[in-house]
Trainee: 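Take this structure first; my questions come after.
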Amino acid sequence: MPKNITEKIIAAHLLEGDMGTPGSDIALRIDQTLTQDATGTMAYLEFEAMGVPRVKTELSVAYIDHNTLQSGFMNADDHKFIRSCARKHGLQFSRPGNGICHQVHLERFGKPGKTLIGSDSHTPTGGGIGMLAMGAGGLDVAVAMGGGAYHIPMPKVTLVRLKGSLQPWVAAKDVILEVLRLLHVKGGVNRVMEYGGPGVLGLRVPERATITNMGAELGATTSVFPSDEVTRAFLAAQGRAADWTALAADEDALYDAVVEIDLSRLEPLAACPHMPDNVKKVREIGQIKVDQVCIGSCTNSSLQDMLQVAAILRGKTVAPGVSLSIAPGSKQVLTMLAQNGALACMVAAGARILESACGPCIGMGQSPQSGGVSLRTFNRNFEGRSGTADGQIYLVSPETAAASALTGVFTDPRELGAAPKITLPAQFLVEDNMIEPPVPESEMDTVEIAYGPNIKPFPLAEPLPESLAAQVVLKVGDNITTDHIMPAGAKILPYRSNIPYLSQFCFAQCDENFARHCKDAGKGVIIGGTNYGQGSSREHAALVPLHLGIKAVVTQSFARIHAANLVNAGILPFTFADAADYAKIDVRDDLALENIREALQNGTPVSLKNNTKHESYALRYDLSARQRKILLAGGLLNYTTGKE
Ligand code: MIC
Ligand code: SF4
């Protein structure tokens, strides 16, 4: 049977399940894991609770890149905790300053054909070099570090067939924005977006990685490119030629769907406020005034992106009234920019250089002015994520961003005349001095785990009772993001290891009294529309509701990672069998799930009783037999440690 790339990697890692049935549970062997610090503290607390002494993967890396503002002791304490876990339990530790996890992983660790899961939704960046790289909740990553399988629904595979080549000033960002325009933020759910066709060869690895990175915004399981000569050249330039293997789809490989994009016909695009799929042509947006431009993030912070920006800024000055900030993605990128003079061009033009970290992308600084228009090369423009509630965030390519920073208005970069020619060095600067190896296993007892006062125990669910009664504490619409459920930003992010503190901010954007309503109700249910939980992989969006007494979330549909996180936390994720029932339920209705334990044990139908309205609704659950067992046990940790 001919295979596509996705099927080849899955077949080589399949531990359980049937690849022939899309949607059925499959278990994969995981070669590599990564964590970042905002989800990492929880993942390592969970790993510790599992009692496995050393990681069992080929490679596991703990990155520090999100929480680097350090206003207060919390971040630094968490960094120290993560470092101690990495040293003791056998992980590589990427120190603060070394760069954004996805950028560094691509440069230094990723390998074609391998599986990678990361406690961050943009882990699919690794698909740029032909990895099957997926975002997951912290607990799933902890289990994989302990040698356990990673379970996903067998994805369908969409071929994105690229032909032609990008015209001057049109960038990889415009390719993924075009895919988002065509398929929207739920178009990729339970699918792998596999790139192929003659247009692939013209895209360099950083460009491919921009595209796979932002496949997360389609809700896709992951995105993947072939591993070809271009990949080999990239790895060789990183001094890692030996890590290369060729990977291509078989000639007659089959796909569940095909999307065709002619690269030659694309033009500069922008995702307008407040969704990544609200895509328009830059020239159609008009010359609106720009207040802020931010260049960086795991989507667009490679050396290629930065050299392009520096060439555009060379000898010019950022327009009056515009603030331009630039965060190169890694220490490697920043050092090389410094050495070749590109950094000087940026500084001379008036750019505000930020450290190599997530920074403004996750609302850690650089919030725009009230109602300010901010052009960002990032991947998410959800309302309020920038830290300014009414900020108008547009997602654009580095080229559009830099051009607009110079003119002060939204600018199609093609108006700047001839595009600069960027040549990438044949050899990158390789110096892994900011990656700390673990202590040898024989010395692991000498390392003490450093628990700072910000680290509070995480909540654990109880085994599922026979029946449940709970009140509707919140009803929300479609496309609710994890930034709605559990916001991030400079004020809240430092408390990622303190669930009780975080709970005050849960859903604050939808209902500022949400936490109080939960306390009053004791046990709560959330009612949601379609694509509930899109965005981040943060398991805090499940653990904090668990702490607040949420027992079930009933929606029209879920985003993949969040649904898995709810199960892992021990919260029931149900969908309405008849989507119209959504309209019949109101906040404060008293609901009941009778004999729910028995129903999940036997896999029989579930109905939701509305005692306020004297109605009953049929529910669906898209849960594997394993997930039902996890829910019966009260979450993945109870299930894994056998505490039922
Ligand atoms: C994000 O981009 O929202 C984050 C912050 O990187 C998250 C992870 C987190 O919430 O810590 C993600 O994308 O998974
Ligand atoms: Fe960091 Fe932003 Fe990338 Fe998330 S999307 S990993 S916050 S740079």
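Since the structure is predicted, the reported quantities are computational estimates derived from the model, not experimental observations. Note: hydrogens, waters and symmetry copies are ignored here, and every other heavy atom, side chains too, is used. Numbering of ligands and ligand atoms starts at 1, following listing order.
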Trainee: Flag the pair D483 and R538 as a salt bridge only when some basic side-chain nitrogen lies within less than 4.0 angstrom of an acidic carboxylate oxygen.
Mentor: yes
Trainee: Give the atom numbers and elements of ligand 2 that come within less than 4.0 Å of a heavy atom of H66.
Mentor: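 Atoms satisfying the 4.0 Å criterion: 1 (Fe), 4 (Fe), 6 (S), 7 (S).
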Trainee: Which protein N, O or S atoms does atom 3 (Fe) of ligand 2 have within a distance shorter than 2.8 Å?
Mentor: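 Atoms qualifying: C298 SG.
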Trainee: Could you pull out every donor-acceptor pair under 3.5 Å between side chains of residues 499-508 and any protein atom, sequence neighbours left out?
Mentor:
unit_1 : atom_1 : unit_2 : atom_2 : d
S503   : OG     : P500   : O      : 2.6
Q504   : NE2    : Y501   : O      : 3.1

Trainee: Do the side-chain N and O atoms of R108 and Q332 include a donor-acceptor pair separated by under 3.5 angstrom?
Mentor: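 Per modelled atom types, R108 and Q332 side chains form no pair under 3.5 Å.
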Trainee: Ignoring hydrogens and angles, state whether a donor on the side chain of H484 or T481 is under 3.5 Å from an acceptor on the partner side chain.
Mentor: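 Present: a donor and an acceptor within the cut-off.
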Trainee: Checking Y44 now: which residues fulfil ring-ring contact (aromatic ring centres under 6.0 Å, His included) with it, not counting sequence neighbours?
Mentor: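 Counting only residues at least two positions away or on another chain, Y44 forms no ring-ring contact (aromatic ring centres under 6.0 Å, His included).
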Trainee: When you check the side-chain N and O atoms of S330 and E107, is any donor under 3.5 Å from an acceptor?
Mentor: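 Present: a donor and an acceptor within the cut-off.
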Trainee: So if I only count non-hydrogen atoms and take anything under 4.0 Å from ligand 1, which residues does that give, chain by chain?
Mentor: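 Lining ligand 1 at under 4.0 Å, by heavy atoms, one finds Q36, A38, T39, H66, D120, S121, H122, I362, R380, R385, R496, S536, S537, R538.
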Trainee: Would you please say whether a donor-acceptor pair under 3.5 Å links the side chains of E539 and H562?
Mentor: no
Trainee: Pairing donors with acceptors under 3.5 angstrom, does anything connect the side chains of S297 and R376?
Mentor: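 Result is no, nothing qualifies.
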Trainee: What's the spacing between K80 NZ and F73 CZ if we round to 0.5 Å?
Mentor: 12.5 Å
Trainee: Would you tell me whether H102 and Q36 have side-chain atoms, one donor and one acceptor, within less than 3.5 Å of each other?
Mentor: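 H102 vs Q36: no donor-acceptor pair found between side chains.
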